[in-house]
Amino acid sequence: MEEKKFDLNSIIGFVLIFGILIWIMYQNQPSDKEIAAEKAKKELVAKQEAQAKADKTKTAVLPVAATATPGDTVQLAQLQKTLGGFAYSATLPSAKEGFTTIENEKIKLKIANKGGYVVEATLKEFKRFEKNSGQLVELIKDNNSNLNIQLQTTDNRTLNSKDLYFEPTLTKNGEDQILTMRLKAGANEFLEFKYVLKPNDYLVGFDIHSQGLNKVLNSSKPLDLQWNLRTFRNEKSISYENRYAEIYYSYQDGKESYVGQGTLKEENPEKVDYVAFKQHFFTTILQTNTSFEKAHLVSENLVKDEKIDTIFTKQFKANVPLAFTNGEVDYKMSWYFGPADYKVLKSYDKNFEKIIPLGWGIFGWINKWIFIPLFGFLSSTIGLSLGIAIIIFTIIIKLAMSPITYKSFLSQAKMKVLRPEITELGEKFKKDPMKKQQETMKLYNKAGVNPMAGCIPALIQLPFMYASFQFFPSAFELRQKGFLWADDLSSFDAVVKLPFSIPLYGDHISLFPILAAIAIFFYMKMTSGDQQMAAPQQEGMPDMAKMMKIMIYVSPLMMLIFFNSYGAGLSLYNFISNLITIGIMFVIKNYIVDTDKIHAQIQENKLKEPKKQSKFQQRLQEVMEQQEAAKAQNKKK
């Protein structure tokens with residue numbers, strides 16, 4: 001290696017650069033006159049800040065009484081220029097940055113004097129990201145939420161309750177903690193927020209009530225209540241969590257709906273009983289006993305790039321009117337700060353459980369009446385670990401569906417036996433597709449085989465498959481529960497962390513999706529041959545054999561890609577489900593269904609009187625005959 005030597009030109013260059021820097025620093029050094037002027041300026045600013053602080057403190061603690069001194073009267077007059085009737089609240093001892101905390105075994109709430117709303121909401125039983133993270137789930141903190149009532153006064157002012165100071169009073173009624181926050185316009189004139197927290201409960205009573213403000217507030221139109229919340233990320237995968245962050249709301253008649261996913265979504269429902277700002281596994285709900293006449297709801301996606309946007313998922317906003325009754329406002333409401341757990345939400349009997357996305361129609365019914373009770377019994381009543389509960393749950397579901405699987409395979413076996421005869425008809429009527437179709441239908445009827453019999457059982461199983469895609473991502477029980485190598489069944493089970501990110505796949509490799517993909521591959525490989533044999537190629541129809549060959553590889557690939565970032569519980573379910581189906585099909589194929597007996601039975605059926613055609617078959621036959629007649633008529637022309 002060549003030895004490095006000192007370069008004289010380089011040394012001279014460094015010396016010159018150093019000299020230039022010294023000269024620049026010297027030339028930019030302030031003069032004595034400039035230093036003195038800067039010092040005087042700083043002293044003046046410090047003096048002004050100190051005076052302002054003293055004035056603020058004086059205003060905050062100075063009480064207003066009937067015997068106020070002339071200075072008090074002047075101060076009150078100055079405050080009335082900006083605050084009008086609510087100047088009184090700014091002169092009370094509570095007019096400062098104070099907080100009141102109420103808590104029970106489940107939640108801890110911190111309510112601010114300024115605005116009177118919850119500035120911190122902590123769930124004591126749940127951790128962020130992972131089980132031993134040491135960070136509690138905080139739904140509200142660091143100004144990510146506010147509650148404001150826009151106050152229109154009789155002297156044409158517009159004030160915001162979030163900028164005004166409330167007076168707190170904390171009392172107890174038995175074990176219940178009662179916190180009243182009053183924005184005062186006088187000794188007995190106020191707008192009140194009342195919080196009632198019961199022991200061991202996620203639900204907080206919340207009443208908004210006004211007294212003696214009929215001459216202070218303009219009651220010709222409702223007050224505008226504005227509630228905003230930026231939802232914190234609480235789970236391992238922000239993209240997966242964000243997929244289930246949604247605004248839900250319930251109508252007066254009990255029906256629920258949602259705003260929807262997207263960059264920016266808005267809805268304007270009427271007669272609303274509650275608004276829920278739902279995250280994946282936690283939710284904040286504002287419920288009212290007197291329905292809001294209307295609501296303006298906005299959902300904005302905050303995750304543009306999941307590598308950069310890692311703190312918040314959505315920005316939720318809700319504006320609702322608070323109507324006056326006899327010049328006053330009186331709404332009895334409640335807050336829910338807690339888990340998005342179906343059983344917990346249902347226990348409140350307020351339709352809160354409808355914010356859990358279980359699917360519409362039959363899919364929701366399957367989840368509600370089969371999956372949730374069965375899985376709850378296995379995981380809670382029997383006390384199995386969640387991984388074992390999923391396995392047993394899957395076994396029960398698949399065994400219950402096995403008669404349908406048997407019917408489907410039996411139909412395929414019958415069609416397989418008839419395939420040579422169907423192929424022969426195809427060759428015989430090669431130039432007359434309509435005649436071929438008619439003769440094929442006659443053969444089916446004569447042999448006592450229904451070509452649709454194999455499709456119907458498969459269609460019956462589809463709702464259960466789709467229901468599972470809704471159930472497992474919503475199962476709160478899986479959150480931070482481990483099984484084998486997966487430390488959280490509600491999130492992906494990464495076994496390898498990649499130093500780069502693959503589009504659609506992610507920056508990790510999950511093992512359960514790989515196992516599920518392998519199981520799907522072997523299942524499709526096992527059944528594709530029988531399906532091809534059972535369904536001969538029809539003229540003018542797609543080549544099902546080619547399609548099945550493609551699907552053998554496409555289906556596992558889709559499982560591998562799209563489930564890599566899904567919850568491990570769903571992938572485990574799919575792996576076990578396909579594994580069991582392979583076993584059931586193997587038993588049916590090798591030990592239950594006898595192809596020779598089926599062939600003999602079909603031949604015996606041919607000797608009997610053909611079964612009466614169903615209405616569907618009759619109608620199909622009529623349509624084909626009409627088409628044949630029309631074709632013959634066209635030829636004559």
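Because the structure is a prediction, the values reported are computed rather than measured.
- L229 is listed as a side-chain neighbour of T284, based on a closest heavy-atom distance under 4.5 Å.
- For the residue pair E328 and S210, a side-chain donor N or O sits within less than 3.5 Å of a side-chain acceptor on the partner.
- Using a 4.0 Å cut-off between charged side-chain N and carboxylate O, R157 and D155 make a salt bridge.
- Partners of F316 by ring pair (Phe, Tyr, Trp, His ring centres under 6.0 Å), not counting sequence neighbours, listed by chain and number: F277.
- Side-chain atoms of L223 and F324, non-hydrogen and from C-beta on, do get closer than 4.5 Å to each other.
- In this structure, K184 forms no cation-pi arrangement with Y88, as its terminal cationic atom is not both closer than 6.0 Å to the ring centre and no more than 45° off the ring axis.
- In this structure, K354 fails the cation-pi test against Y248, since its NZ or CZ atom is not both closer than 6.0 Å to the six-membered ring centre and inside 45 degrees of the ring normal.
- Heavy-atom contacts from other residues, nucleotides or ligands closer than 6.0 Å to CD of E125 number more than 12.
- A donor and an acceptor atom, one from each side chain of N173 and E175, are nowhere located under 3.5 Å apart.
- Distance check, rounded to the nearest 0.5 Å: CG of L378 to OG of S385 gives 11.0 Å.
- Of the inter-residue distances, the one linking D493 atom CG with L515 atom CG reads 8.5 Å to the nearest 0.5 angstrom.
- Between the E241 side chain and the E235 main chain, a donor and an acceptor come within less than 3.5 Å of each other.
- Side-chain contact check for Q226 and D224: at least one donor-acceptor pair (N or O, by modelled atom type) lies under 3.5 Å.
- More than 12 heavy atoms of other residues, nucleotides or ligands sit less than 6.0 Å from atom NZ of K304.
- Taking 4.5 Å as the limit, some side-chain heavy atom of I355 sits within range of a side-chain heavy atom of T283.
- Applying the ring pair (Phe, Tyr, Trp, His ring centres under 6.0 Å) test to every pair with at least one member in residues 120-139, sequence neighbours left out, gives these pairs: F126-F282, F126-F476.
- The closest donor-acceptor contact from the side chain of E167 to the backbone of L183 lies at 3.5 Å or more, if one exists at all.
- Side-chain atoms of L139 and Q279, non-hydrogen and from C-beta on, do get closer than 4.5 Å to each other.
- Two residues are said to be in side-chain contact when any heavy atoms from C-beta on lie closer than 4.5 Å; K350 and L203 meet this criterion.
- Counting heavy atoms from C-beta outward, T171 and T169 have side chains that approach closer than 4.5 Å.
- Taking a 6.0 Å sphere around NZ of K141, one finds it holds more than 12 heavy atoms contributed by other residues, nucleotides or ligands.
- Using modelled atom types, one finds no donor on one side chain facing an acceptor on the other under 3.5 Å when comparing T290 with T288.
- Across all their heavy atoms, A121 and L109 have their closest contact at CB-CD2, 3.7 Å.
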Quiz prompt | Criterion side-chain contact (heavy atoms from CB on, under 4.5 Å) on K127 and L136, from CA distance to verdict | solution = CA-CA 4 Å; K127 299 292 192 301; L136 292 175; 4.1 Å; yes

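- With ring centers used as reference points, F190 lies 6.0 Å or more from F166.
- When ring centroids are compared, Y566 and F492 stay outside the 6.0 Å threshold.
- When only modelled atom types and interatomic distance are considered, N104 and N200 share no side-chain donor-acceptor pair under 3.5 Å.
- With D487 as the partner, the salt bridge (charged side-chain N to carboxylate O under 4.0 Å, His left out) test is satisfied by one option alone out of R479, K236, K131: K236.
- The six-membered or imidazole ring of Y466 lies away from that of F464, with a centre-to-centre distance of 6.0 Å or more.
- The aromatic ring centres of F337 and W335 sit less than 6.0 Å apart.
- The CZ atom of R128 sits 5.5 Å away from the CD atom of Q135 when rounded to the nearest 0.5 Å.
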Exercise. Let me see the working for K124 and K108 under side-chain contact (heavy atoms from CB on, under 4.5 Å), right down to the final yes or no.
Key: CA-CA 7 Å; K124 295 182 173 183; K108 179 181 179 181; 4.0 Å; yes

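- In the displayed structure, W365 atom CH2 is contacted under 6.0 Å by at most 12 heavy atoms of other residues, nucleotides or ligands.
- Side-chain atoms of Y195 and I111, non-hydrogen and from C-beta on, do get closer than 4.5 Å to each other.
- In this structure a side-chain-to-backbone donor-acceptor pair under 3.5 Å is missing from S571 to F512.
- For the side-chain contact (heavy atoms from CB on, under 4.5 Å) test, residues two or more places apart in sequence or in another chain that qualify with R230 are N144, L302, F312, Q315.
- Taking the ring centroids of Y274 and Y249, they lie at or beyond the 6.0 Å cut-off.
- By the 4.5 Å heavy-atom criterion applied to side chains, L151 and V216 are not counted as neighbours.
- In N188, the CG atom is not crowded: 12 or fewer heavy atoms of neighbouring residues, nucleotides or ligands sit closer than 6.0 Å.
- Around CG of N326, the count of heavy atoms belonging to other residues, nucleotides or ligands within 6.0 Å does not exceed 12.
- The line from CD of Q287 to OG of S250 is 9.0 Å long, rounded to the nearest 0.5 Å.
- T313 and T231 form a side-chain donor-acceptor contact under 3.5 Å, judged by distance and modelled atom types alone.
- Without hydrogens or angle criteria, N218 side chain to Q152 main chain gives no donor-acceptor distance under 3.5 Å.
- Counting heavy-atom neighbours within 6.0 Å of K162 NZ, excluding the residue itself, gives a total above 12.
- Ring centroid separation for the pair F371 and F393 comes in under the 6.0 Å cut-off.
- The closest donor-acceptor contact from the side chain of E246 to the backbone of G260 lies under 3.5 Å.
- Side chains of D273 and S291: a donor-acceptor N/O pair is present below 3.5 angstrom, by distance only.
- A donor-acceptor pair shorter than 3.5 Å cannot be found between the side chains of Q261 and Y244.
- Judged by distance alone, with hydrogens and angles left aside, the side-chain atoms of H280 form a donor-acceptor pair with the main-chain N or O of P473 at under 3.5 Å.
- Surrounding OH of Y251 are more than 12 heavy atoms belonging to other residues, nucleotides or ligands, all under 6.0 Å away.
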